[in-house]
Number of protein chains: 2
Amino acid sequence: MLLNILQFVQHHIKLAVQAGDTVIDATAGNGHDTVFLAQCVTNSGKVLAFDIQSSALLNTRNKLNELGLSEQVSLIQAGHEHIQNFCHTGVSAIMFNLGYLPGADKNCTTQVTTTLAALEAGLNILLKDGLISVVLYPGHEQGLIEAQTIEKWTAQLPQQQYEVLQYRFTNRIHHAPYALLLHKRI
Amino acid sequence: MLLNILQFVQHHIKLAVQAGDTVIDATAGNGHDTVFLAQCVTNSGKVLAFDIQSSALLNTRNKLNELGLSEQVSLIQAGHEHIQNFCHTGVSAIMFNLGYLPGADKNCTTQVTTTLAALEAGLNILLKDGLISVVLYPGHEQGLIEAQTIEKWTAQLPQQQYEVLQYRFTNRIHHAPYALLLHKRI
């Protein structure tokens with residue numbers, strides 16, 4: 001009955017995004033979020049999808065091609081901390097799915113410093129009423145540090161400008177993933 | 001764009017409750033939740049509303065009368081830890097709104113021990129797919145202790161039987177209220 005983490009995030013991203021919008025997948029990974037965003041904006045919109053791993057972008061490209069969604073997506077092999085080099089304003093949603101690429105090198109994981117830089121850049125280019133979703137994975141060591149740091153950083157965002165919402169199942173073993181939503185109010 | 005705590009709780013209670021159901025307001029207080037539950041179950045259903053303060057029950061009774069909702073509500077002047085004396089099974093939803101009655105004696109607040117006893121009793125009489133909502137108020141000293149204790153207790157509920165979800169705005173000053181939902185899975 002309760003939406004799981006993925007359903008919850010997608011439900012809110014859908015509410016924030018319209019056909020024709022510009023949106024960002026900050027962690028293309030296996031392409032799951034990129035496909036979802038490409039469907040939300042339709043071929044009149046634009047998705048910028050970032051990843052530093054070429055294998056991630058290749059997987060994502062293949063998925064988009066299969067589904068006929070390539071037209072509205074630009075795949076960018078760069079760290080998400082460089083978002084503002086590729087997009088300066090007018091973004092209605094940005095999705096972060098942190099951690100490592102499933103099935104690939106577990107040592108190649110998102111890093112606290114670059115993730116925080118990307119979040120800060122993301123807030124800068126977000127439209128009023130835009131939304132950033134962050135899925136955190138505290139189940140591995142680096143992920144736990146990252147989750148705690150991001151939680152602390154987001155909790156200090158000024159209440160007048162942002163709403164920060166945590167959606168988390170608390171009785172799961174092995175530190176299950178959870179979501180943060182950052183809503184830009186003004 | 002994001003549902004506030006009250007909207008979030010009501011949205012999920014509505015999904016869990018049908019006309020004709022039996023439900024419980026564990027903290028009648030000013031009657032807000034009792035009215036909402038009475039509307040959910042309609043006059044074919046039943047609401048049991050508990051409070052230890054007669055002024056709370058009087059306020060609630062007046063509100064129900066004004067709205068023509070008295071028929072389906074039993075007001076019970078007893079602590080919610082005694083729920084099972086009044087109802088043994090078959091409940092689809094229970095709402096807890098902790099802390100003290102707005103406008104009344106702030107020293108008359110819910111207490112950790114009795115709240116935990118009530119939650120445990122509540123889980124016992126809940127139907128499969130039933131829902132308990134708990135709104136916590138960590139902004140006053142007793143409320144903070146209560147919130148922390150309940151958070152810890154609910155986080156240890158077995159995952160096979162229950163989902164425990166936390167919905168919380170994290171960048172609010174003065175420890176804003178937040179919600180827990182307990183969903184009985186089997």
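Quick caveat: nothing in here was measured; it's all calculated off a predicted structure. Computation of the quantities below employed the complete heavy-atom set of this structure, encompassing side-chain atoms and omitting hydrogens, waters and symmetry-equivalent molecules. Naming: A, B, ... by sequence-line order, numbering from 1 per chain.
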Peer 1: Atom CZ in A:Arg168, atom OG1 in B:Thr170: separation rounded to 0.5 Å?
Peer 2: 11.5 Å

Peer 1: For B:Asn171, run the side chain to side chain contact (heavy atoms under 4.5 Å, CB included) check against A:Val164, A:Leu165, A:Leu182 and tell me which one passes.
Peer 2: A:Val164

Peer 1: Tell me, out of B:Leu15, B:Leu180, B:Leu157, B:Leu181, who's got the most heavy-atom pairs with chain A below 4.5 Å.
Peer 2: B:Leu157

Peer 1: Please classify the contact between A:Tyr178 and chain B as side chain, backbone, both or neither, with a heavy-atom cut-off of under 4.5 Å.
Peer 2: neither

Peer 1: Any link between A:Leu119 and A:Leu144 through a network of hydrophobic side chains (Ile, Leu, Val, Met, Phe, Trp, Tyr) touching at under 4.5 Å?
Peer 2: no

Peer 1: Nearest 0.5 Å please: distance from the CE atom of B:Met1 over to the CZ atom of A:Arg185.
Peer 2: 11.0 Å

Peer 1: If Ile, Leu, Val, Met, Phe, Trp and Tyr residues are connected whenever their side-chain heavy atoms lie under 4.5 Å apart, and connections chain through other members, are A:Leu6 and A:Ile24 in the same group?
Peer 2: no

Peer 1: Does atom NE2 of B:His82 have more than 12 heavy-atom neighbours, drawn from other residues, nucleotides or ligands, at distances under 6.0 Å?
Peer 2: yes

Peer 1: If you count every heavy atom of other residues, nucleotides or ligands that lies below 6.0 Å from B:Glu141 atom CD, does the total exceed 12?
Peer 2: no

Peer 1: OH of A:Tyr167 to CG of B:Leu2: how many Å apart, nearest 0.5 Å?
Peer 2: 12.5 Å

Peer 1: Do A:Leu127 and A:Phe86 sit in the same hydrophobic cluster, where Ile, Leu, Val, Met, Phe, Trp and Tyr count as joined when their side-chain heavy atoms come under 4.5 Å apart?
Peer 2: no

Peer 1: Does A:Phe169 belong to the same Ile/Leu/Val/Met/Phe/Trp/Tyr cluster as B:Leu3, with side-chain heavy atoms less than 4.5 Å apart forming each link?
Peer 2: yes

Peer 1: Identify which of B:Gln166, B:Glu151, B:His183 forms the greatest number of heavy-atom pairs closer than 4.5 Å to chain A.
Peer 2: B:Gln166

Peer 1: Above 12 or not: heavy atoms from other molecules or residues under 6.0 Å from CD of B:Gln161?
Peer 2: yes

Peer 1: Suppose we screen for side chain to side chain contact (heavy atoms under 4.5 Å, CB included). Which residues come up paired with B:Glu81, at least two apart in sequence or across chains?
Peer 2: B:Thr114, B:Ala117

Peer 1: For atom NE2 of B:His140, decide whether the heavy atoms of other residues, nucleotides or ligands shown that lie under 6.0 angstrom number more than 12.
Peer 2: yes

Peer 1: Who in residues 46-79 of chain B is close to chain A, using a strict under-4.5 Å heavy-atom cut-off?
Peer 2: none

